[in-house]
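What follows is a single structure, written as structure tokens, with notes after it.
So that the names make sense, note that chain A is the first sequence line, chain B the second, and so on, each numbered from 1. Here the structure is a predicted model, which is why all the values come from computation and not from measurement.
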Amino acid sequence: MTMKTKLYHHLQSTTTKNPQWNTLLREAANKSLFTKALSLYLHMLRSGAFPNAFTFPFAIKSCAALSLPITGKQLHCHIVKSGCLLEPFVQTSLVSMYGKCSLIDNARQVFDENPQSRKLTVCYNSLLSGYALKSRVKDVVVLFCEMRGLGVEINGVTMLGLVQPCGIPGNLGLGMCVHGFCVKFGLDMDSSVGNCLLTMYVKSGEIDCGRKLFNEMPRKGLITWNAMINGYAQNGLANNVLELYKEMESKGVCPDPLTLVGVLSSCAHLGALSAGKEVERKMEICGFSSNPFLKNALINMYARCGNLEKARDIFDGMPVKSVVSWTAIIGGYGMHGLGEVAVQLFDEMIRGGIRPDGTAFVSVLSACSHAGLTNKGLDYFGVMERKYGLRPGAEHYSCMVDLLGRAGRLNEARELIESMQVRADGALWGALLGACKIHRNVELAELAFERINQDCAIKKPQALRWKLSLMKVTEIDFLRH
DNA sequence: CTAGGGTTAG
């Protein structure tokens, strides 16, 4: 008989069961052993003990962490029957669980059913973070205003809920306004809030504002460095990433897997193989070698730097391959013109039960286009929506225009553009112009160029680049435009 | 209630 079973028998034989069960449950949940916590809860019920207000929060928290909304709803019923619903801890954990499981309307309902909710900061915060997760900026702002109106205390966690959903590209105004609130409440120097503000700026594409804040932050923790490094990485500023990483090392701050992910992806973009290999060594030294995020980043780095064999070795060695791992290796073969291999891998992925996402389709479509597998690409494009319910985005249309364009099927490319429901982006016009250049189609190039000029959303430097690209096609005088 | 991550055509 194992220790654990002995313990269960002991607990089942005691008359005062709840305290012991609750202690076990709490310890499991606090150690992030959520599956264990839930099985303890079930054992508890079977043993005839009654869960109480010290039991439910930890069981509910486990449902939230494991994203088990159905189990969560069952627990909700148990809570109602037990009469614990009005306990603040229980109430808050329920709101939080529904929020994390993306059942924000259920969260709202629990919140509204109990008038006590509107007195509690933590309860408001739970609901706020639920709305934040769904990027419901408006609801977040309304709730925040309500808290202020009712005089409910506003703390750092409240601010996190308010700041998080403001990280949307081109949303500088609201972001700065929210930053202002943080300052007003004296919470901008709170390290979590500061890091969250930094992330908000970089996610909005306001990388300079982010850097300014970063420089001003008095205490830079690992998360601060990571937010800035990954912010540069996500905005394509790979050189800044390497520079900042060097600075971080020189300050004696030890990287963690999140740091190295950003650095590796920048090495990949720069084709900086030796820097990438150095990161790989660092991974080994720090014991991060089996981190799946880092392995995916490594596959991408080796593939982009031209070492497909090494990329393939890492891919083959992964015990669990996610759709991201597959996308990275497929993209790797695609960018080196090995479209046949890419297509085979894509089909193998599907046979293996991995559902492709929009990004996986981008990588296979572009592989088809590079290898001249035009009809295969057209098939995938059709299957994408019909079989997988994925609406093609601008990036997929760009691939298709590239695919058709390279094959000289410019009229079909033009028809596709005219039929599409999403707004054309720069990549699409770039692909079309590229095709016009190859096939010397001046008429269509000029049409594309006209559309670029009409599209006010397109930034000026880009328009100028395309203008120059068009000149090469038509060999017309720059001054005529 | 609680801040940061991998894949994406041109």
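Between the P atom of B:dA9 and the CD1 atom of A:I330 lies a distance of 13 Å, rounded to the nearest Å. One can place CZ of A:R304 at 13 Å from P of B:dG6, the figure rounded to the nearest angstrom. Atom C1' of nucleotide B:dT7 and atom CG of A:L294 are separated by 14 Å, given to the nearest angstrom. If you measure from atom NZ of A:K295 to atom C1' of B:dT7, you get 16 Å, rounded to the nearest angstrom. The CG atom of A:L390 sits 19 Å away from the P atom of B:dT7 (whole-angstrom rounding). For A:L404 and B:dG10, the CG to C1' distance is 15 Å, given to the nearest whole Å. In this structure, A:D402 atom CG and B:dA9 atom P are separated by 10 Å, rounded to whole Å. Taking atom CG on A:D190 and atom P on B:dA3, their separation rounds to 12 Å, with Å as the unit.
Evaluation of the side-chain contact (heavy atoms from CB on, under 4.5 Å) rule for A:T55 yields A:N22, A:L25, A:Y41, A:M44, A:P51, A:N52 as partners, not counting sequence neighbours. Legend: residues meeting ring-ring contact (aromatic ring centres under 6.0 Å, His included) with A:Y245, ordered by chain and number and at least two apart, are absent. Scored by the salt bridge (Lys or Arg N to Asp or Glu O under 4.0 Å) test, A:D139 finds A:R136 as partners (sequence neighbours excluded). In terms of the ring-ring contact (aromatic ring centres under 6.0 Å, His included) criterion, residue partners of A:F346 (sequence neighbours excluded) are, by chain and number, A:F361, A:Y380. Among residues two or more places apart in sequence or in another chain, the ring-ring contact (aromatic ring centres under 6.0 Å, His included) test is passed with A:Y131 by none. Remark: A:R391 engages A:E385, A:Q421 in a side-chain contact (heavy atoms from CB on, under 4.5 Å) (not counting sequence neighbours). In terms of the ring-ring contact (aromatic ring centres under 6.0 Å, His included) criterion, A:Y333 has no residue partners (sequence neighbours excluded). Qualifying salt bridge (Lys or Arg N to Asp or Glu O under 4.0 Å) partners for A:R26, counting only residues two or more places apart in sequence or in other chains: none.
Considering only the side chain of A:P257, B:dG5 comes nearest among B:dG5, B:dG10, B:dT8. The side chain of A:V261 sits closest to B:dG6 out of B:dC1, B:dA9, B:dG6. Here the nucleotide nearest the side chain of A:V122, chosen from B:dT7, B:dC1, B:dA9, is B:dC1. Of the candidate nucleotides B:dA3, B:dC1, B:dA9, B:dC1 has the atom nearest to the side chain of A:S129. Minimum atom distance to the side chain of A:A328 is reached by B:dT7, of the listed B:dC1, B:dT8, B:dT7. Of the listed nucleotides (B:dG5, B:dT8, B:dA3), B:dT8 has the atom at the smallest distance from the side chain of A:V362. Distance from the side chain of A:V324 is smallest for B:dT7 among the nucleotides B:dT7, B:dG10, B:dT2. In the set B:dG10, B:dT8, B:dG5, B:dG10 carries the atom at the smallest distance from any side-chain atom of A:A431.
Using a 4.0 Å cut-off, some side-chain N or O of A:Q234 falls inside it from OP1 or OP2 of B:dG5. When the side-chain nitrogen and oxygen atoms of A:N300 are compared with OP1 and OP2 of B:dG6, none of them lie within a distance under 4.0 Å. Residue A:S325 places no side-chain N or O under 4.0 Å from the OP1 or OP2 atom of B:dG6. A:R219 has no side-chain polar atom (N or O) that falls below the 4.0 Å cut-off from OP1 or OP2 of B:dA3. A sub-4.0 Å separation between OP1 or OP2 of B:dG10 and a side-chain N or O of A:R406 is present. Side-chain nitrogen and oxygen atoms of A:H396 include none within less than 4.0 Å of the OP1 or OP2 phosphate oxygen of B:dT8.
As judged by a 4.0 angstrom heavy-atom cut-off over every strand, A:S265 is placed among residues touching the sugar-phosphate backbone only. Within 4.0 Å of A:T327, counting heavy atoms only, lies at least one base atom of the nucleic acid. Among the protein residues, A:S322 comes within range of the nucleic acid bases, having at least one heavy atom under 4.0 Å from a base atom.
Annotation: proximity of residues 282-293 of chain A to DNA chain B (heavy atom, distance under 4.0 Å) is found for A:N291, A:P292, A:F293, numbered in ascending order. The stretch residues 191-214 of chain A comes close to DNA chain B through A:S191, A:S192, A:N195, A:T199, A:K203, each having a heavy atom under 4.0 Å from the strand. Remark: A:K100 in residues 98-120 of chain A come within less than 4.0 Å of DNA chain B through at least one heavy atom.
In this structure, a donor-acceptor pair under 3.5 Å is present between the side chains of A:T224 and A:N195. For the residue pair A:T158 and A:N125, a side-chain donor N or O sits within less than 3.5 Å of a side-chain acceptor on the partner.
Residue pairs meeting the ring pair (Phe, Tyr, Trp, His ring centres under 6.0 Å) criterion with at least one partner in residues 199-234 of chain A, sequence neighbours excluded, are A:H179-A:Y201, A:F214-A:W225.
A:S191 has its side chain out of reach of A:R219: every pair of non-hydrogen atoms, C-beta onward, lies at least 4.5 Å apart.
Taking a cutoff of 4.0 Å between a charged side-chain nitrogen and a carboxylate oxygen, A:E153 and A:R148 do not qualify as a salt bridge.
Both tests do not hold together for A:K61 against A:F34: distance to the six-membered ring centre under 6.0 Å, angle to the ring axis within 45°.
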